[in-house]
*Asks:* 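Next up is a structure, given as structure tokens.
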Amino acid sequence: MIDYRSDTFTIPTPAMLDAMVKADVGDDVFGEDPSVNKLEALAADMFGMEAGLFCPSGTMTNQIGIKCHTEPGDEVICDQLSHVYIYEGGGIAVNSLSSVKPVIGTRGLITAELVEEAINPEDIHKPRTSIVCLENTANRGGGSCYDFTEIQRIKEVCKKNQLALHLDGARLFNALIAKNETPKQYGETFDSISICLSKGLGVPVGSVLLGKKDFIKKGRRVRKYLGGGMRQAGFLAAAGIYALENHINRLAEDHEQARTIAKTLEKKDFVGEILPVETNILIFEVKGNLTPEAFADKMKEQGILVMAISKTQVRMVLHLDISKEMVEKTIAVINQLKSS
Ligand SMILES: *Cc1c(COP(=O)(O)O)cnc(C)c1O
């Protein structure tokens with residue numbers, strides 16, 4: 001099977017597995033796993049941030065980030081399609097006892113004006129707005145990327161209103177590669193950043209939360225009570241170190257492959273709007289006689305897995321385990337697909 005359902009489906013490469021097997025490990029709950037400590041320091045250094053916290057998932061790094069920036073009864077501003085809002089099981093309500101003010105951005109991206117409008121006035125009737133969460137790349141936006149100048153404008157609004165600024169950077173490295181930006185730009189701008197190692201970077205498990213020392217210290221306690229304190233997690237951290245050192249630049253290949261597939265889809269009469277392909281995610285409308293489910297079924301018969309993500313849309317995600325040959329086969333299959 002050629003699996004385009006998500007970039008979470010990758011399995012470790014032989015070189016990554018080798019790094020994992022050879023990892024130095026200890027008990028990370030005691031702070032004694034050298035590989036976890038190395039990964040946290042490496043990620044923090046890349047972004048010019050003070051400290052890092054290795055967690056089992058990006059959901060956990062986001063939830064800890066939001067928890068540490070809020071008090072019960074606060075409100076979180078984010079785009080209506082944000083992962084933190086629609087894909088984390090209502091975690092903001094459960095963990096932070098906070099509400100969400102979803103704003104309607106464009107392909108998952110919001111603006112300084114939208115943030116400003118969404119901030120509640122100082123009024124006892126209103127929840128206290130305390131944090132803005134951005135997502136870059138934006139998953140439901142089809143891997144769309146912010147212009148960094150817009151992020152800086154949002155930062156100004158946050159500063160003026162004393163709001164924390166958190167980044168869900170599950171696919172931040174895709175954005176950095178696509179926009180030719182640096183991790184340090186982001187480290188200087190955000191109060192906290194969550195990066196996923198388990199998406200395009202090809203690691204089996206893990207995410208890192210980055211921020212100031214005190215913030216991460218607070219986050220370490222939250223991670224413990226959420227049950228995310230792992231013991232010899234260095235076997236996983238070693239995969240993360242390997243990925244940060246070897247798998248970032250190759251993301252450009254995934255972006256190229258996604259554009260190639262989009263060019264094939266463009267010519268098909270059963271394909272409607274294709275969201276602009278900025279990184280490794282392709283979201284397109286399936287119309288006419290074919291539904292997204294039916295399209296997915298036809299592809300599956302040919303050994304290709306894609307995901308119907310709405311009543312009208314299909315998503316395909318490029319990643320480390322999709323080779324050039326697999327893309328060629330996919331293009332051949334799409335080319336001979338008929339809508340009836
Ligand atoms: C995958 C993802 C996460 C984290 O998901 P986990 O499965 O919990 O690691 C967070 N944000 C976005 C945008 C994602 O795509």
Side-chain angles (χ1 to χ4, degrees), residues 3-12 39 43 52-67 76 78-92 94-96 100 102 105 107-110 131-146 151 165-176 178 186 190 192-210 219 222-223 226-228 230 233 236-237 239-240 243 247 251 254-255 258 275 278-283 307 309-310 313 315-320:
D3 203 338
Y4 291 99
R5 287 172 299 168
S6 176
D7 44 8
T8 54
F9 282 87
T10 53
I11 55 169
L39 170 66
L53 182 66
F54 184 53
C55 290
S57 72
T59 297
M60 191 179 282
T61 42
N62 279 330
Q63 291 297 319
I64 294 174
I66 294 166
K67 173 73 181 168
V76 178
C78 63
D79 184 86
Q80 59 167 350
L81 298 175
S82 299
H83 195 280
V84 295
Y85 179 46
I86 63 172
Y87 290 137
E88 298 189 4
I92 292 176
V94 177
N95 298 310
S96 298
V100 172
R107 291 194 295 125
L109 311 174
I110 62 178
I131 177 172
V132 175
C133 289
L134 304 184
E135 188 174 308
N136 200 21
T137 69
N139 181 349
R140 281 301 302 265
S144 49
C145 305
Y146 274 95
I151 292 178
L165 184 57
H166 172 79
L167 178 66
D168 176 353
R171 296 187 181 82
L172 179 57
F173 291 105
N174 293 90
L176 297 181
Y186 283 79
F190 286 88
S192 53
I193 298 179
S194 157
I195 54 168
C196 285
L197 304 166
S198 55
K199 298 280 167 75
L201 296 184
V203 171
V205 178
S207 289
V208 182
L209 179 65
L210 301 166
V222 178
R223 185 186 69 175
L226 289 176
M230 299 181 285
L236 298 170
H247 286 173
L251 292 171
D254 297 341
H255 303 172
L275 296 188
E278 296 185 44
T279 53
N280 66 328
I281 302 178
L282 248 172
I283 293 182
M307 200 155 75
I309 57 162
S310 75
Q313 290 169 311
R315 184 180 86 162
M316 293 174 72
V317 186
L318 276 293
H319 54 74
L320 193 56

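Start at 1 and go down the list; that is how both ligands and their atoms are numbered.
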*Asks:* I'd like to check which ligand 1 atoms, numbered from 1 as shown, lie under 4.0 Å from a non-hydrogen atom of Ser57.
*Replies:*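 By the 4.0 Å cutoff, the relevant atoms are 8 (O), 9 (O).
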
*Asks:* Just to confirm my output: which protein heavy-atom neighbour is closest to atom 13 (C) of ligand 1, and how far is it?
*Replies:*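 Its nearest protein heavy-atom neighbour is Glu135 OE2, 3.2 Å.
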
*Asks:* Side chains of residues 81-90: which donor-acceptor partners sit under 3.5 Å, not counting sequence neighbours?
*Replies:*
unit_1	atom_1	unit_2	atom_2	d
Ser82	OG	Asp79	N	3.2
Ser82	OG	Asp79	O	2.7
His83	ND1	Glu88	OE2	2.6
Tyr87	OH	Arg140	NH1	3.2
Glu88	OE1	Gln63	NE2	2.9
Glu88	OE2	Asn62	ND2	3.0

*Asks:* Where does Met60 meet ligand 1, judged by heavy-atom distances below 4.0 Å: at the side chain, the backbone, both, or neither?
*Replies:*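 No part of Met60 is near ligand 1 at this cut-off.
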
*Asks:* Heavy atoms only, cut-off 4.0 Å: how does Val84 contact ligand 1, side chain, backbone, both, or neither?
*Replies:*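 No part of Val84 is near ligand 1 at this cut-off.
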
*Asks:* Examine the side chains of His255 and Asn174 and answer whether a donor and an acceptor come within less than 3.5 Å of each other.
*Replies:*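 Per modelled atom types, His255 and Asn174 side chains form a pair under 3.5 Å.
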
*Asks:* So do Asp7 and Arg171 actually touch side chain to side chain, heavy atoms under 4.5 Å?
*Replies:*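 Yes, close enough: below the 4.5 Å cut-off.
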
*Asks:* Run the numbers for me: atoms of ligand 1, each under 4.0 Å from some heavy atom of Lys199, listed by number.
*Replies:*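 That gives atoms 1 (C), 2 (C), 3 (C), 4 (C), 5 (O), 14 (C), 15 (O) of ligand 1.
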
*Asks:* Is the backbone N or O of Gly143 less than 3.5 Å from a side-chain atom of Thr279, with the two atoms forming a donor-acceptor pair by type?
*Replies:*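 Yes, the answer is positive, given that a donor and an acceptor are paired below the 3.5 Å cut-off.
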
*Asks:* Considering only non-hydrogen protein atoms, determine which one is nearest to atom 11 (N) of ligand 1 and report residue, atom name and distance to 0.1 Å.
*Replies:*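 I find the closest protein heavy atom is Asp168 OD2, 2.6 Å.
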
*Asks:* I'd like to check the ring pair (Phe, Tyr, Trp, His ring centres under 6.0 Å) partners of His247; sequence neighbours left out, ordered by chain and number.
*Replies:*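 His247: ring pair (Phe, Tyr, Trp, His ring centres under 6.0 Å) contacts with Tyr242.
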
*Asks:* Are any non-hydrogen side-chain atoms of Pro204 and Ile11 less than 4.5 angstrom apart?
*Replies:*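 A side-chain contact under 4.5 Å is absent here.
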
*Asks:* Students should be able to answer this: which protein heavy-atom is nearest to atom 9 (O) of ligand 1, and at what distance?
*Replies:*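 Protein heavy atom at minimum distance: Gly58 N, 2.8 Å.
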
*Asks:* Taking the side chain as every heavy atom from C-beta outward, state whether Thr137 and Cys145 have any pair of such atoms under 4.5 Å apart.
*Replies:*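 With C-beta onward as the side chain, the pair touches.
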
*Asks:* Do any nitrogen or oxygen atoms of Arg171 come within less than 3.5 Å of a nitrogen or oxygen of ligand 1?
*Replies:*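 It does: an N or O of Arg171 is found under 3.5 Å from an N or O of ligand 1.
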
*Asks:* Counting heavy atoms only, name the option from His83, Glu88, Arg140 that's nearest to atom 5 (O) of ligand 1.
*Replies:*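 Among His83, Glu88, Arg140, the closest heavy atom to atom 5 (O) of ligand 1 belongs to His83.
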
*Asks:* I need the contact type for Thr59 against ligand 1. Using non-hydrogen atoms and a strict under-4.0 Å cut-off, is it side chain, backbone, both or neither?
*Replies:*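 Both backbone and side chain.
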
*Asks:* Can you list the ligand 1 atoms lying under 4.0 Å from a non-hydrogen atom of Asn139?
*Replies:*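 Those of ligand 1 that fall under 4.0 Å from Asn139 are 13 (C), 15 (O).
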
*Asks:* Should Thr137 be counted as touching ligand 1, given the test is an N or O pair under 3.5 Å?
*Replies:*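 Between Thr137 and ligand 1, no N or O pair is found under 3.5 Å apart.
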
*Asks:* Say whether, by atom type as modelled, one donor and one acceptor occur between the side chain of Asn280 and the main chain of Asp254 under 3.5 angstrom.
*Replies:*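 Between the backbone of Asp254 and the side chain of Asn280 there is no qualifying donor-acceptor contact (under 3.5 Å).
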
